[in-house]
Each structure stands twice: as structure tokens, then as C-alpha cells.
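The structure appears below as C-alpha cells.
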Amino acid sequence: MKYDFTKIENKWQEKWETEKPFAALNDSDKEKYYVLIEFPYPSGDGLHVGHARPFTAMDVVARKRRMENYNVLYPMGFDAFGLPAENYAIVNKIHPAVITSERIKLFTRQLKRLGYSFDWDRCVDTTDPDYYKWTQWIFLKFFEKDLAYKALIPVNWCTSCHCVLANEEVVDGVCERCGSEVVRREKSQWMLRITKYAQRLIDDLDDVDYVERVKIQQRNWVGRSDGAEIHFKTTTGDEINVFTTRQDTLYGATYMVISPEHALLQKWDVENLEEIQAYQLASSKKSDFERTELVKEKTGVEVKGVRAINPVTNKEIPIFISDYVLATYGTGAIMAVPGHDARDWEFAKKFGLPIIEVVSGGDVKKEAYTDCETGTMVNSPLIDGLTVGEAKEKISNWLVEQKLGEEKINYKLRDWVFSRQRYWGEPIPIVHCDTCGFVAIPESELPLILPDIENYQTTETGESPLAALTDWINTTCPKCNGPAQRETDTMPQWAGSSWYYLRYADPKNNNALASKEALDYWTPVDWYNGGMEHTTLHLLYSRFWHKFLYDIGVVNTSEPYAKRTSQGMILGEDGQKMSKSRGNVLNPDDIIAEYGADTLRLYIMFIGDFEKTAPWSQTSVKGCKRFLDRVWNLTIANLGNNDAISPEASLDDASFSSEHETAVHRTIKKVGSDIENLKFNTAIASLMSLVNDFYNKAPNRADIKALLMLLSPFAPHISEELWELQRFDGCASEQEWPKYDESKTVDSNVVIAVQVMGKLRSTINVPLDSTDETVIDAATSDEKIARYIEGKEIMRKIVVKNKLINLIVK
RNA sequence: GCCGCUGUGGUGGAAUAGGUAGACACAAGGGACUUAAAAUCCCUCGGGAGCAAUCCUGUGCCGGUUCAAGUCCGGCCAGCGGUACCA
């Protein structure tokens with residue numbers, strides 16, 4: 001009998017399709033377990049082998065959890081709004097909804113061919129009005145709680161997409177999606193007050209099980225810094241606030257730098273206006289990226305005619321504008337302490353400004369002394385002799401007493417620009433009325449359907465294509481019934497993906513985003529796996545939305561995801577990132593056709609450390625196919641009555657063969673713990689070893705049964721087929737996950753390494769848990785060891801139980 | 001620049017808590033089977049010396065700690081990812 005993987009895989013996939021054995025139940029007595037992967041954007045290229053890595057890994061986990069008797073929810077959906085579909089629509093004049101629906105069908109078919117145990121009845125699509133109704137509903141709640149607001153802000157403007165990007169979406173000065181130049185422009189935008197949640201987004205990381213690098217990255221992104229805001233008076237009688245984390249160095253503040261965009265510059269009557277304006281113009285043309293790229297050379301212009309007054313020395317100090325001070329962080333102004341800040345030091349050197357040492361320990365003539373752990377304050381009458389820490393506290397108190405400032409916590413995190421001037425997104429359910437201002441549309445009018453249009457091109461002014469629909473725009477104000485205009489901006493793609501995991505709990509609900517019972521039962525997600533690239537955008541955004549929904553009583557957990565892990569990227573065979581332009585993209589369909597889905601699943605798990613990047617190798621795929629062939633042939637060969645146990649008796653749990661007992665127990669232990677620790681590659685390696693053992697010495701039916709159960713999460717089709725051929729009861733996937741006996745995972749004898757002076761010279765075989773004396777005797781009487789210790793004195797004997805002995809001789 | 005991660009055979013990668021480096025595979029070479037090929041099965045496989053037993057050497061580089069370092073510490077170098085000159 002040949003391993004006909006195509007036939008077998010079709011057979012089982014059809015069975016799963018009709019019998020739905022992987023459906024999650026909302027009314028189960030079992031304990032729930034919610035496994036989540038990031039839902040894909042249904043791109044025109046179809047499924048990519050890279051998708052298979054996290055999907056397969058979590059499928060393995062989901063299948064194992066079911067065998068551990070959990071009620072498992074492992075859903076799939078589509079994050080289907082977004083630019084590529086819209087750009088395709090512009091070129092081909094096809095409605096994005098049509099393209100999207102086609103692509104979702106393609107993805108679904110491809111995903112089903114991989115044999116994933118998704119509960120397909122819960123599939124969600126963010127572009128479905130029944131879905132985005134609730135995305136809009138959440139937005140209205142944000143608006144109601146004053147967490148959504150419109151503001152005129154400098155934004156990143158993509159010159160090609162004609163749309164605004166969040167700071168987070170600008171990569172290396174260009175648009176993350178289209179790669180075009182991004183310039184700065186002022187625009188009125190809908191914003192979400194994520195900053196209000198900054199502290200909670202940091203604090204609550206303590207309560208979740210995320211891989212450490214994700215936590216670190218999120219903490220750094222939110223970026224709390226503790227310092228003080230200090231009020232500096234100017235010679236014009238104005239006040240400039242600066243934020244500093246080094247209030248202790250106030251005596252060393254010898255000049256001030258404000259951002260070129262600072263509001264006071266318009267008010268002041270500066271002497272060198274032309275020079276200032278030229279600098280402002282130059283920096284406005286620079287993107288943030290270019291401003292930050294100018295690491296080496298500091299530029300700036302002194303604002304002549306106005307000086308600031310250092311509040312502690314009462315000395316006048318010059319004010320500069322420089323683009324290394326950004327308007328968007330802190331107060332847009334800094335006090336410069338060249339003695340103790342590297343950037344300020346460079347700037348001071350270039351402009352010949354005084355550098356005063358206020359913390360001793362370094363040499364400020366040579367470089368800025370920035371150490372704040374060990375220094376002692378000097379040249380600072382109020383705080384001389386204090387440590388930096390003490391000085392910070394004393395200065396802060398002094399500032400408060402003198403009403404010159406206060407302690408302040410600043411976050412790097414900024415509010416989220418939520419508007420997009422694009423068509424293919426959720427319409428923002430707000431109208432603008434001349435008398436009432438911005439007014440929410442009533443909940444009863446949700447979903448606010450995205451209207452059909454003829455032209456998907458963004459308007460020249462950069463407004464959304466919806467701005468051309470006069471009939472749609474003009475409406476009445478829900479408050480005063482007067483004339484009003486609809487908002488024409490749409491939401492970013494992040495909106496739909498910020499809460500999709502909640503919809504899976506109850507995806508067909510028309511009265512709520514999901515029923516309270518379903519949400520209470522399924523949240524939080526027990527294990528969420530996704531890409532590192534989503535750590536600071538999607539993951540942080542959805543944590544923010546979830547916290548908000550918690551605050552308004554929709555969900556009853558403050559965090560959406562109990563555990564977060566991340567997979568590494570799959571590179572092309574050339575070691576480069578897979579991309580259409582490089583021509584190194586692999587389509588899973590081709591691999592399935594040639595080797596089968598089980599081989600693909602096995603290979604993508606065996607490819608290497610799950611958390612690290614790994615290059616694809618077509619030849620290595622064959623190795624996994626070979627392994628499955630070996631499993632097939634072995635099991636078929638053992639179908640007959642060639643073992644001691646009769647077929648009837650062995651249908652029940654029989655004991656493992658004595659030759660393989662230890663190996664089977666060990667493999668059960670290893671595969672189980674490896675899956676939990678994302679070590680899928682070594683789990684498979686141990687299964688390979690077991691099969692090698694079985695080739696050396698024929699297994700009995702119980703041995704085979706264990707093998708098939710352990711293999712089934714990785715290669716479910718072949719496992720089920722062989723299970724059936726073996727006439728075992730039910731399905732492999734319905735079995736209870738095999739248990740192991742710890743005492744049977746160890747041999748009665750162990751091989752111990754014998755080192756002399758730390759070098760391996762021999763090995764000895766002794767009973768497990770032998771005493772040190774026994775091991776020493778065996779080692780010293782070993783013939784290979786004799787020549788190393790002959791005529792020498794053994795000074796020390798280091799014995800590591802069941803592992804090693806090291807003899808130190810002289 | 002800053003932050004994070006990673007450097008192990010020809011290749012992908014193994015190596016609980018510092019304890020036999022290279023598991024498991026891929027590729028390559030040799031052999032068996034075959035008219036032949038494929039498939040399958042068996043053997044070899046970090047480098048150097050040696051007929052061999054065996055010895056030396058070896059986890060990016062330089063030091064250190066230790067009886068013992070891929071693993072810990074200090075200092076470098078390279079690659080990848082993130083990035084906001086964040087005061």
C-alpha cells in the first residue's frame with residue numbers, strides 16, 4: 001500500500017468539513033482554551049509559506065489542547081480593509097469588495113488544504129458591515145468618552161497615497177505601504193487618546209506572560225521618563241516651559257533650545273527674523289527621518305533680541321532654534337546642559353557656548369559627563385555635595401516652593417492618528433453640524449455603510465474619495481435636525497484588527513459585538529502568537545482598545561492576551577526576504593501538490609528555532625517527506641499479526657514493548673514539553689529518533705499507537721489514516737494526550753564521562769544513581785584512565801551525579 | 001546614534017540549572033539491491049596528524065572567572081530587526 005497523500009488529505013479534509021470536529025462550543029462543561037494567530041490580510045498573491053509557520057505552530061497547540069480535554073477555540077478570519085485592494089481597484093476599476101471576496105475565497109481554500117483545525121463557522125471579515133458595525137460602535141464609545149477627538153496637527157503626509165500616516169507607519173522616512181516620500185503637513189485629524197492609557201499599558205505588562213523582548217519593546221515604545229517641567233521667564237516677559245529628566249543640572253543650563261515650530265517665535269519681535277525663517281523653512285522640508293539622520297553635525301540659529309532667564313541663577317541665557325528639538329515631544333523646548341548631555345555638548349562646542357560642570361566625576365572639557373549614578377553636585381549652591389538623586393529631589397521641591405516648576409512624567413507615546421483619507425476602510429460615524437459641532441450618528445443607524453463609488457482615487461486636495469459624494473455627505477444633524485456633513489475620512493486598517501478576537505467569541509451576534517456570556521467565557525485569549533513587527537502597533541493598539549472596553553464594562557479582563565509569543569520570518573532559498581520582486585516567493589499549493597500538506601506542516605515546524613528567522617530549503621522538505629514515508633511503511637508493515645499481542649486485545653491500551661518502553665516514555669515527555677516551549681523542531685527530531693528505533697527493532701501496536709498520537713498534531717492526515725488502518729478506536733485527534741511515567745524515562749544504567757584535568761578521556765557505564773565512591777572506583781580502574789593517573793597523585797575528584805567525573809591530578 | 005536580538009560543521013540546526021559540542025535532518029562520498037535509473041536499505045562525514053589505538057585543535061574575535069565555558073563576566077567585531085537626536 002502506497003502513501004497516497006493527496007487522496008488521504010482530501011479524504012480527511014472532507015470529513016472535517018462535514019463533521020466539524022474542531023468546532024468550539026459556547027456551552028461546554030470543559031475548561032476553555034483560546035488559541036489565536038494574527039488573521040491575515042488577504043493579499044492578491046494568495047497564501048504565502050510564511051503564513052504557514054505561525055498557523056501550523058498554533059494548530060499543533062490547539063490540537064494538543066483538544067487531546068488534553070479542553071474546549072478549544074482556534075479561529076480564522078480576514079483583516080480585509082487596506083490599501084492594496086484599493087490600489088488594485090483604482091487600476092482595474094473593480095470594486096474592492098469584489099476583489100476582497102475573491103481573495104478571501106482563495107485564502108480559505110488554501111488554508112483548508114493545510115488541514116488546520118480552525119472553527120470555520122466563526123470566520124470573520126473586517127469589511128463585512130455586520131462586523132464593522134461594531135468597529136464603528138466602539139469608535140462612538142471612544143467619542144462619547146472624549147477619547148476620540150479632532151485636532152489640527154502636523155502629520156506625515158504620503159505624497160503618493162495622498163493620505164496621512166501615523167508616525168508609527170512611517171518607516172525610514174517613507175510610507176510603510178507604498179514607499180513614497182513622506183512630508184510634514186498640517187491637517188485636521190481624528191485622534192484616539194491612547195496616551196491616557198500609557199501608564200496602564202506599561203504596568204499591566206507585569207501581569208501577562210509575554211516573551212520578554214515583546215515586553216521590553218512595548219515598555220520602550222510607551223517610554224515613561226520621570227523628570228520635571230521647569231518654567232523659564234524670558235526678557236519679553238513670556239514663559240517657556242521645558243521638560244527635563246535632569247533637573248539636578250539646572251545650574252549648568254547655559255542656553256535654551258526650542259523647536260523651529262515653537263509658537264512663541266511668531267509672537268516675538270526677533271532681530272534676525274529672516275535667518276530664523278530660513279531655518280524654519282529648511283526644517284519644515286525635512287522629514288523627521290532627515291532631522292534625526294543629522295547625527296553628526298548640529299545646526300541651529302540663535303534667536304536674537306530675546307533671552308531666557310535661568311530660574312536658579314537668574315542669569316540671562318541665549319535661546320536657539322534647532323531641529324534636534326522636536327515640537328511633538330515634551331514641551332518642544334529644552335534647557336541645554338552641555339556639561340552633562342552629549343548632544344548639548346556638541347551644540348555648545350559648535351556655537352562657542354559656555355560649558356559648566358555641575359556634576360563632578362568626569363572632564364567636561366573633553367566630553368559631556370552623563371553618568372547620574374555616581375556623580376556629586378558642584379557649582380550648584382543649593383545642592384552642592386549631594387548625589388544626583390538627592391539633588392533631583394531637592395531641586396524639584398525647590399521648584400514647587402518657588403512656583404517655578406513641578407515634577408512631571410512624560411511618555412514618548414503619542415496619541416494615535418486615526419483618520420485616513422481613503423476609500424477602503426470603515427466610515428467614521430460622525431457628522432459635522434455648523435451649530436452643534438461634531439455629533440455622533442445614533443447607534444440605531446449603524447452600520448454606516450461604506451457607499452459605492454465610481455472613482456477610488458483620492459481627491460487632489462487629499463480628501464477621501466468619499467468627499468466627492470455630495471448626496472451622501474449632506475445629511476441632517478441628529479441633534480438639531482439642521483444641515484450637516486458626514487465625515488469623509490475612514491478608519492485605519494488597525495481598527496478592525498484591534499478587537500477581532502472578541503468577535504470570534506460570538507461572530508453572528510447582531511445586538512452586541514459579542515454576547516456578554518460569550519465574552520466572559522472566552523476572554524482572555526490564552527495564547528496569542530504573531531509577528532514581532534506587530535509588537536508596537538497592532539499589539540499595543542489592541543491592548544488599548546481592550547482596556548477601554550474593560551472600562552466601559554464590555555469585557556471583564558483588563559488584558560486581552562494572557563500569553564504572547566512570536567515567530568521568526570521565513571526567508572527565501574536565497575536567504576532574502578520573500579518578495580514578488582525578488583521572485584523567491586513560494587506558494588504552499590505547489591509544495592502540497594508535490595509532497596502533501598503533512599510534509600509541508602512538518603517541514604515548516606522542523607525548519608529551525610520557531611522564534612528565529614529561517615531560510616527555506618526545498619531539498620530539506622524531502623527529508624520530512626521521507627520521514628512520513630518511513631512512518632507509513634513502518635505502520636503498514638506492522639499491520640499484520642507480527643507482534644505478540646493479538647489484534648483484538650491490542651485495540652485497547654496495551655503496554656509498550658519492553659525494547660521501546662523507555663524510548664516511548666521519553667518521547668511522550670519530550671514532545672509534550674517541546675510543544676509548550678515552542679521547540680517544535682526538537683519535538684519532531686525526537687519523533688524521528690523514535691521511528692529510527694522502530695526500524696531497528698519492530699514496535700508493537702501500543703508503540704505505534706503512541707507514535708501516531710504524538711504525530712497527529714503535526715501531521716494530522718497521515719496520522720488519522722494510519723490510525724484507521726490500524727483499527728484503533730475513533731480518531732487520533734480525539735484521543736487523550738498520552739501520558740508518560742517519569743520513572744520509565746530513565747535507563748537503569750547511565751554512561752558517565754570521565755575527565756582528567758577537565759579533558760574527556762573515557763566513559764564508563766554505571767548503574768543509575770551510583771554513589772560517588774562507586775563512580776570514582778569505576779573511573780580510576782578504567783584502563784584508558786590508568787595511563788593518565790599512573791604515578792600521579794589525585795588531588796581532587798569532582799563528581800556530577802549521573803553525568804561526569806573530573807579527576808584533578810598532580 | 002540609541003535599543004533589542006543573533007553569531008556553532010558544506011547546509012538547516014541540537015546541547016534543562018556551567019558538566020561528553022555537533023542530536024535530528026539536508027547535502028556530499030562509498031556500498032547493497034536493480035539490465036539501468038528512481039525509490040529503499042547500510043556505512044563515512046568539523047579541521048589537522050596517524051596504518052591504527054589515539055593525540056592535538058575547534059562554538060565570531062581578545063581577555064577573565066571556574067576543576068570544567070557554546071553557556072557566566074568585561075572589552076571588541078559582524079549581521080539582522082526596531083527607532084522618536086525623547087532632553
Side-chain angles (χ1 to χ4, degrees), chain A residues 167-168 170-172 212-214 216-217 219-221 223 225 227 242-247 249 253 257 288-289 291-296 298 322-326 328-331 333-337 340-344 346-347 370 410-414 532-533 535-536 568-569 571 575 577 603 606-609 611-624 626-627 629-630 633 673 677 679 681-692 695 751-763 784 787 795-809:
Chain A
N167 288 315
E168 294 90 326
V170 181
V171 175
D172 293 347
E212 201 52 34
R213 55 187 176 147
V214 169
I216 292 169
Q217 218 168 301
R219 275 199 200 97
N220 289 346
W221 188 264
S225 43
V242 304
F243 174 71
T244 179
T245 55
R246 294 299 303 274
Q247 59 268 39
T249 62
V257 186
D288 269 7
F289 177 70
R291 282 171 68 156
T292 63
E293 200 182 31
L294 295 172
V295 174
K296 300 285 181 284
K298 296 281 175 283
S322 173
D323 57 14
Y324 80 91
V325 173
L326 300 179
T328 44
Y329 183 79
T331 59
I334 62 159
M335 64 176 210
V337 185
H340 306 282
D341 180 280
R343 288 179 313 276
D344 297 345
E346 260 183 67
F347 193 91
T370 54
N410 238 324
Y411 298 93
K412 295 177 196 171
L413 187 70
R414 290 175 219 156
M532 277 307 285
E533 69 273 19
T535 302
T536 48
M569 212 191 313
L571 302 176
K577 204 169 165 175
Y603 174 64
F606 187 60
I607 196 166
D609 186 334
E611 301 190 87
K612 289 186 199 151
T613 338
W616 185 270
S617 160
Q618 199 66 22
T619 52
S620 299
V621 176
K622 286 180 197 159
C624 290
R626 199 172 291 161
F627 168 66
D629 282 332
R630 278 164 69 80
N633 294 336
S673 65
N677 296 314
K679 303 280 181 197
N681 53 339
T682 50
I684 293 167
S686 70
L687 288 171
M688 288 173 168
S689 291
L690 187 67
V691 169
N692 290 344
Y695 265 81
V751 175
I752 287 190
V754 184
Q755 293 183 340
V756 180
M757 301 299 283
K759 290 201 174 191
L760 180 71
R761 296 301 181 190
S762 183
T763 55
K784 284 184 193 163
R787 50 192 278 217
M795 307 298 289
R796 278 181 74 183
K797 309 171 191 110
I798 295 137
V799 181
V800 181
K801 199 168 182 126
N802 294 329
K803 284 237 157 134
L804 168 146
I805 172 167
N806 188 8
L807 302 172
I808 308 305
V809 298

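Worth knowing before you read on, the calculation uses all heavy atoms, side chains too, and leaves out hydrogens, waters and symmetry mates. This structure is a prediction, so every number in the text was calculated from the model and none was measured. Letters A, B, ... mirror the listed sequences (proteins, then strands); counts begin at 1.
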Expressed as a whole number of Å, how far does the [atom1] atom of [N] sit from that of [M]?
N: B:U65; M: B:G10; atom1: C1'; result: 36 Å
N: B:C43; M: B:A25; atom1: P; result: 12 Å
N: B:U71; M: B:G18; atom1: P; result: 11 Å
N: B:G79; M: B:C61; atom1: C1'; result: 15 Å
N: B:A39; M: B:U34; atom1: C1'; result: 11 Å

Whole angstrom is fine here: how far is it from [atom1] in [X] over to [atom2] in [N]?
X: A:Asp344; N: B:C86; atom1: CG; atom2: P; value: 10 Å
X: A:Asn681; N: B:U11; atom1: CG; atom2: C1'; value: 15 Å
X: A:Trp616; N: B:C26; atom1: CH2; atom2: C1'; value: 14 Å
X: A:Trp221; N: B:G82; atom1: CH2; atom2: C1'; value: 8 Å
X: A:Asp341; N: B:C2; atom1: CG; atom2: C1'; value: 13 Å
X: A:Lys803; N: B:G19; atom1: NZ; atom2: C1'; value: 7 Å
X: A:Lys612; N: B:G13; atom1: NZ; atom2: C1'; value: 9 Å
X: A:Leu413; N: B:U83; atom1: CG; atom2: C1'; value: 14 Å

Approximate separation, where rounding is to 0.5 Å, of [X] [atom1] and [Y] [atom2]:
X: A:Met532; Y: A:Thr535; atom1: CE; atom2: OG1; answer: 4.0 Å
X: A:Asn802; Y: A:Ile752; atom1: CG; atom2: CD1; answer: 6.0 Å
X: A:Ile805; Y: A:Lys797; atom1: CD1; atom2: NZ; answer: 8.0 Å
X: A:Asn681; Y: A:Lys612; atom1: CG; atom2: NZ; answer: 9.5 Å

How should the glycosidic conformation of B:A28 be described, syn or anti, under the criterion that syn lies within 90° of 0?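 With its glycosidic angle more than 90° from zero, B:A28 counts as anti.
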Quick one: classify the glycosidic conformation of B:G70 as syn or anti, with syn meaning within 90° of 0. anti
I'd like to check A:Lys679 versus A:Asp609 (side-chain heavy atoms, cut-off strictly below 4.5 Å). Are they in contact?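 Result yes, sub-4.5 Å side-chain heavy-atom pair found.
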Would you indicate what A:Asn633 reaches in the nucleic acid, counting non-hydrogen atoms under 4.0 angstrom: base, sugar-phosphate, or nothing?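 Nothing, no heavy atom under 4.0 Å.
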Can you tell me if [X] touches the phosphate of [N], counting only side-chain N or O atoms and a distance under 4.0 Å to OP1 or OP2?
X: A:Arg761; N: B:C55; result: yes
X: A:Asn220; N: B:C86; result: no
X: A:Lys801; N: B:G19; result: no
X: A:Lys759; N: B:U57; result: yes
X: A:Ser225; N: B:A87; result: yes
X: A:Arg626; N: B:U40; result: yes
X: A:Arg213; N: B:C3; result: no

Find the partner of B:A49: check Watson-Crick (N1-N3 plus N6-O4 or O6-N4) and G-U wobble (N1-O2, O6-N3) distances, both under 3.5 Å, and reply none if neither fits.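 When the pairing criteria are applied, B:U54 turns out to be the nucleotide that pairs with B:A49.
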Counter-base of B:U11, judged by Watson-Crick or G-U geometry with both distances under 3.5 Å: B:A25
Non-hydrogen atoms of A:Cys624 and A:Phe606 that approach each other most closely: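 Looks like SG-CD2, 3.9 Å.
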